[in-house]
Amino acid sequence: MSILNYVSIILFIFIESSLLKFLLALIYILICKYSKMRIKIIPNIILLFSVIIINLLYPFGRVLFYLGPLRITLESLLSGIQKGSLLIGLMYLSKNISISSIKIPGEVGLLIKDTFYYFNQFTQGDKVKFKTFITDIDNKLLALSNTKPVESEIIRKNRNNTLIIFSTTLILFILDLNPFNF
Amino acid sequence: MPIKLADIAIFIITLAIIVFYSVTTLQKDSNSSYAKIEIDGNTFIYPLEKDLIKTFHGPIGDTTIEIKNGKISITESDCKNKICIKMGKIDKLGQAVACLPNKLLITIEGESNDEVDILSY
Amino acid sequence: MTKLTSYPTNSNRIISILGGLCLFLSLIEYIIPKPIPFIKLGIANIPILISIVILPKKDILKLILIKSIGGSLVSGNLFSWIFLYSLSGSLISGISMILISILLNNKVSMIGISLIGSLTSNLTQILLATAILGPGAKYLGVPILIIGFISGTFIGVLTNNFLNKSVWIRNFNK
């Protein structure tokens, strides 16, 4: 089952059409939204626009219009949309993949487990205030010095969106190959 | 930890690197000349640093251009006299290659024409 | 910089405590409102700076790895570019900070080390961004480097103060 997640990632990366990629990124966000995840829209818009602007600064292809000294070219615009959508799409695809399916082996895996235990400990207890930032952190560290980590699970729920993500990705991937020549 | 001499040195060096980066990045790059292709009322822009082969459709047929090693030339054209192909490769600011029968014009433009323009005259 | 003569027997425990602190500080950074998204103060780097004083070199790199993987697990970005950006930036800046601390052993405070870390991490990410997003990304480097310079200085001063005041660190030295 989880192999489909990785297939979705690969199919998404290889979609060449900017508009289909953008559409798919949008669908991934909607799926996250539908799974009651907290989504902030404005950072995504800013991210998309900054990637588009980065690409427009490097004119390539047909000139659409002039914006002051800047020549807005079609290929640059499309490549900006493509890369921005890739960035955002992968972010939300990644959010949909359940963490429980990832097992990090060896010492690093153990360290991460402990790290999450201590992270939980830090979030409990007194709040950290801006004015007393250093002493607050120091107190938390002192309080932790004598504790030993116990078994703790990474708190992320299994989100079962694999099938819907895979099927939409596959459909748009096939559309991208343009089998009907439209 | 008290501030040490090396901190001040690193502070100044880092600042100098950032200023250098910003100035060189924001300065208009004289090397970045590009080819401007005009055909049928459309304008296309291609930087010369990236290799490219592209075909354009004009009134009498197709004309193919090629960018290779920072130079642009017309490699194929549906015109009769093939003068455009014989014009060869261009890469200097202000130079031009044209396929008049197919109404395609390639000129080399750049960000800072000032100095180089004087040289080419 | 004062180096510890003997390292704690269970340095993996210290790595996970500092790793947990990294994640906690990222959470704080995420909660405090910012005028523009993507601009980070970088307080999550304070534990990395602390580790340069108290941990052996190999363990500093382990902590950096833990911070990147752990942070991506929390935000769910393990399979996106963001993880690649964060890991490569952190590793290269980590190696640079370790090298500069070896080179200037007692002659540099956390401000210098933090500035080196911020510069190398940002340069790595700009390089990656130009490779992935296109040549126009180099213009984005200008504000990123300037903001990084300011926040790097700030984080350095803050860590200096922490190392001076912290009872935890003082217990550590015993």
Side-chain angles (χ1 to χ4, degrees), chain A residues 5-6 9 37 40 42-43 46-47 50-51 53-58 60 76 79-80 83-84 86-87 89-97 99 102 104 107-108 110-123 128 130 133-135 137-142 144-145 148-149 154 156, chain C residues 10 12-28 32 36-38 43 46-47 50 62-63 65-67 69-70 72-83 129-130 132-140 158-159 161-172:
Chain A
N5 286 320
Y6 303 105
I9 291 175
M37 269 185 238
K40 286 183 179 171
I42 293 168
I46 292 176
L47 183 63
S50 29
V51 175
I53 289 166
I54 285 170
N55 279 273
L56 286 179
L57 289 174
Y58 188 78
F60 192 91
S76 301
S79 127
K83 286 164 178 167
L86 178 70
L87 222 62
L90 280 179
M91 211 155 78
Y92 285 93
L93 249 181
S94 197
K95 279 187 207 303
N96 269 302
I97 293 173
I99 296 305
I102 308 158
I104 296 151
E107 196 191 354
V108 175
L110 280 174
L111 275 172
I112 287 181
K113 221 172 182 184
D114 285 357
T115 295
F116 274 98
Y117 166 78
Y118 286 116
F119 171 53
N120 271 334
Q121 296 297 110
F122 275 112
T123 54
V128 173
F130 183 72
F133 180 76
I134 288 171
T135 40
I137 295 289
D138 197 35
N139 286 336
K140 277 181 181 287
L141 279 168
L142 284 170
L144 278 184
S145 294
K148 265 201 179 138
I154 298 171
R156 274 180 72 85
Chain C
N10 192 358
N12 271 3
R13 210 171 77 87
I14 305 302
I15 295 174
S16 13
I17 290 180
L18 289 178
L21 185 59
C22 282
L23 297 186
F24 177 62
L25 293 177
S26 320
L27 185 72
I28 293 182
I32 46 174
I36 309 162
F38 309 116
I43 51 171
I46 294 173
I50 296 173
K62 268 192 217 165
L63 175 64
L65 195 66
I66 299 298
K67 182 197 171 217
I69 298 178
S72 303
L73 283 175
V74 172
S75 55
N77 287 329
L78 199 56
F79 294 100
S80 68
W81 295 124
I82 293 177
F83 176 62
T130 35
I132 295 171
L133 302 179
K138 64 182 182 196
Y139 299 106
L140 213 66
L158 203 61
T159 314
N161 284 342
F162 181 84
L163 291 176
N164 286 337
K165 285 182 191 165
S166 168
V167 183
W168 186 73
I169 292 285
R170 222 170 296 151
N171 288 347
F172 218 96

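Residue numbers start from 1 in every chain, and the chains themselves are labelled A, B, ... in the order their sequence lines are given, proteins ahead of strands.
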**Request:** To the nearest 0.5 Å, tell me how far I169(C) CD1 sits from L141(A) CG.
**Result:**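 The CD1 atom of I169(C) sits 8.0 Å away from the CG atom of L141(A).
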
At their closest point, which heavy atom of [X] faces which heavy atom of [Y], and how far apart are they?
X       : Y       : result
L144(A) : R13(C)  : O-NH1, 4.0 Å
I66(C)  : V108(A) : CD1-O, 3.9 Å
T115(A) : G19(C)  : CG2-C, 3.4 Å

Side chain / backbone / both / neither for [X] at chain A, heavy atoms under 4.5 Å:
X       : answer
L158(C) : both
L133(C) : both
F162(C) : both
L23(C)  : both

**Prompt:** Highest number of heavy-atom pairs under 4.5 Å with chain A: which of I28(C), I69(C), V167(C)?
**Reply:**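 Looking at each option in turn, the highest pair count goes to V167(C).
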
**Validation row: E107(A), N12(C) side chains within 4.5 angstrom (heavy atoms)** =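 The answer is yes; the side chains approach within 4.5 Å.
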
**Message:** For L63(C), give me all partners under side chain to side chain contact (heavy atoms under 4.5 Å, CB included), at least two apart in sequence or on another chain.
**Reply:**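 Expected list: I15(C), L18(C), I48(C), S51(C).
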
**Message:** Using the rule given for side chain to side chain contact (heavy atoms under 4.5 Å, CB included), can you reason through L25(C) versus F133(A), listing the C-alpha separation, both sets of side-chain angles and the distance that settles it, and then say yes or no?
**Reply:** CA-CA 11 Å; L25(C) 293 177; F133(A) 180 76; 3.8 Å; yes

**Message:** Heavy-atom cut-off 4.5 Å, strictly under: side chain, backbone, both or neither for V51(A) against chain C?
**Reply:**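 Contact with chain C involves the side chain of V51(A) alone.
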
**Message:** Taking W168(C)'s backbone N and O only, do any of them form a donor-acceptor pair with D138(A)'s side chain (distance below 3.5 Å, no angle check)?
**Reply:**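 Yes, because the side chain of D138(A) sits within donor-acceptor range (under 3.5 Å) of the backbone of W168(C).
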
**Request:** Considering only heavy atoms and a distance below 4.5 Å, find which of L110(A), I137(A), L56(A) pairs most often with chain C.
**Result:**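 Heavy-atom pair counts peak at I137(A).
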
**Item:** L142(A) and N171(C): CA distance, side-chain angles, deciding distance, side chain to side chain contact (heavy atoms under 4.5 Å, CB included) verdict
**Value:** CA-CA 9 Å; L142(A) 284 170; N171(C) 288 347; 3.5 Å; yes

**Request:** Kindly write out the residues that satisfy ring-ring contact (aromatic ring centres under 6.0 Å, His included) with F122(A), not counting sequence neighbours, or none if the list is empty.
**Result:**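 If we apply the ring-ring contact (aromatic ring centres under 6.0 Å, His included) test to F122(A), skipping adjacent residues, the hits are F24(C).
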
